[in-house]
Amino acid sequence: MITRKSAAEIEKMRRAGRIVAEVLALLESELRPGVTTGHLDALAERHIRAAGAIPSFLGYLGSGRYGKGPKAFPASTCISIDSEVVHGIPGERVIRTGALVSVDVGAIVDGWHGDGARSFLVGEASAEARELVEATQLAMMAGIAAARPGNRVGDISAAVEDIGKAHGFGIVRPFVGHGIGTEMHQDPQVPNYRTGSRGPELQPGMCLAIEPMFTLGDGDVYVEADNWTVSTADDTLAAHFEHTIAITAQGPEILTTIPS
Ligand code: MG
């Protein structure tokens, strides 16, 4: 069931989204060679709690069907490096020069969720890594631009897919965008590719997480033995960007942002 949020509910999601954006900005400023992913995660959790929010990823229950790792996600952020696409578990790993680091953050304010992600390049990076990161962000923004009343979910998918294909990048298909509100994942699913159906009509009050994941290869992925980390099957680089948005009568409003 697709829910439409009230103005008061969207205001809570705006607060959650702002905290997510603050954490991403904080981690960007702390991201340098030599730092561990666990340190970055600790900074994120501290900021989320100091802001009066709850880290939604911590203890999140996955399917638990893949490997020997924890069933509940053990951290407040997902930090995925190079060929890791999403759901990397922070820990003792050290960030190195040239790494492509994708950070995904979720926060809950008064029961309402925000969810956002960005990919960062640490120091010198190859031209193709830069193109991958830039195109994935551009695809997210194109998907957001298509998220307006009267359009359909499939129009978001088409906008994202077109940019991925124009660059020849792989589009990760098993993981998709989603509705969001009192749960991190709600209806509808928002695929990053055309499905053959235009999907549900977009209406004011709908809130969506739009999150393309592109790779330098064919886009096939698998789940690592840690039960969470999703990596490219061909070991190529992957990038991931995500915003939570609200659809208003005037068009999309990005909620995972720091108001100026
Ligand atoms: Mg998400």
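The figures that follow rest on heavy atoms only: side chains count, while hydrogens, waters and symmetry mates do not. Throughout, numbering of the chain's residues begins at 1 and tracks the sequence. Counting starts at 1 for both ligands and their atoms, following the listed order. All figures in this text were calculated on a predicted structure; none of them were measured in a lab.
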At a threshold of 2.8 Å, where the distance has to be below it, does the Mg ion (ligand 1) have an N, O or S atom of D115 nearby? yes

Criterion ring pair (Phe, Tyr, Trp, His ring centres under 6.0 Å) against H87, the qualifying member of F73, Y222, F175: F175

Could you please spell out the steps behind the side-chain hydrogen bond (donor to acceptor under 3.5 Å, both in side chains) verdict for T182 and Q186? CA-CA 8 Å; T182 52; Q186 297 183 327; 3.2 Å; yes

Shortest-distance N/O/S atom, E242 versus the Mg ion (ligand 1): OE2

Just checking, any donor-acceptor pair under 3.5 angstrom between side chains of T229 and E84? no

Is E134 salt-bridged to R130, cutoff N-O under 4.0 Å? no

Name of whichever N/O/S atom of E211 is nearest to the Mg ion (ligand 1): OE2

Please confirm if an N, O or S atom belonging to H178, backbone or side chain, lies less than 2.8 Å from the Mg ion (ligand 1). yes

